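The structure appears below as structure tokens.
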Amino acid sequence: MSENCIFCKIARGEIPSRKVYEDENVYAFHDINPVAPVHFMLIPKQHLVSLVEADESHAALLGKMLLLAPKLAREQGLENGFRTVINSGKGGGQEVFHLHIHIIGGGIIPPMVKRG
Ligand code: 5GP
Ligand code: ZN
């Protein structure tokens, strides 16, 4: 837990969010500024800055999150698939420094990187 972390506060219910899922380890909620018809984030309840700071002690938690993503996506109506994005560190465009998996889908999802 980190005192001034916005996602810790969301996971603790101190800042309101539109909840998608919650259990003892993780919390999922809709992105406030969605880039697609369905856009939610899955976060660990424990404060972890990004994948850069993750180590072996986080292996089970990260595995759980990756396995949960398709279940939650299906529950949100993304039967045809979805995009997952994890921005890690400033160099990866991360803006909120509490690890989160973006789960994005619905509508037209363009190729992630435009070539040439
Ligand atoms: P990042 O760029 O760090 O990967 O993504 C941060 C995401 O958090 C952005 O998509 C942004 O819209 C979302 N976000 C930032 N603040 C809040 C908030 O207070 N509530 C919710 N639901 N989403 C937020
Ligand atoms: Zn946090």
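As the structure lists them, so they are numbered: ligands from 1, and atoms in each ligand from 1. Predicted model only: the values in this text are computed from it and were never measured. Just so you know, residue 1 is the first one in the sequence shown, and it goes up from there.
When the Zn ion (ligand 2) is compared with the N/O/S atoms of H47, atom ND1 turns out nearest. The Zn ion (ligand 2) is closest to atom ND1 of H98 (considering only N, O or S atoms).
Side chain of H98 to main chain of K45: no donor-acceptor pair is present (N/O by atom type, distance under 3.5 Å, no hydrogens or angles). When atom types are taken as modelled, the side chain of Q46 and the backbone of V26 share no donor-acceptor pair closer than 3.5 angstrom.
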request  = Take H30 and H39 through the test side chain to side chain donor-acceptor pair (under 3.5 Å) and record every step on the way to the result.
outcome  = CA-CA 6 Å; H30 292 280; H39 182 177; over 6 Å; no
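Residue D55 qualifies as enclosed at atom CG: its count of foreign heavy atoms under 6.0 Å is above 12.
The side chain to side chain contact (heavy atoms under 4.5 Å, CB included) test with I104 singles out one residue from D31, V38, V35, and that residue is V35.
Here I6 sits in one hydrophobic cluster together with F7, I10, I15, Y27, F29, M41, I43, V96; the rule is ILVMFWY side chains under 4.5 Å apart, joined directly or through other members.
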Report all N/O contacts between ligand 1 and the protein shorter than 3.5 Å as a table of atom names and distances to 0.1 Å; if there are none, say 'none'.
from	atom 1	to	atom 2	distance (Å)
ligand 1	2 (O)	G93	O	3.4
ligand 1	2 (O)	E95	N	3.4
ligand 1	3 (O)	E95	N	2.7
ligand 1	3 (O)	V96	N	2.9
ligand 1	3 (O)	H100	NE2	3.0
ligand 1	4 (O)	N87	ND2	2.9
ligand 1	4 (O)	H100	NE2	2.7
ligand 1	4 (O)	H102	NE2	2.8
ligand 1	5 (O)	H100	NE2	3.1
ligand 1	5 (O)	H102	NE2	3.2
ligand 1	10 (O)	D31	OD1	3.3
ligand 1	10 (O)	D31	OD2	2.5
ligand 1	12 (O)	D31	OD1	2.5
ligand 1	22 (N)	H30	O	2.9
ligand 1	22 (N)	I32	N	3.3
ligand 1	23 (N)	I32	N	3.3

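F82 has its side chain within reach of P70: a pair of non-hydrogen atoms, C-beta onward, lies under 4.5 Å apart.
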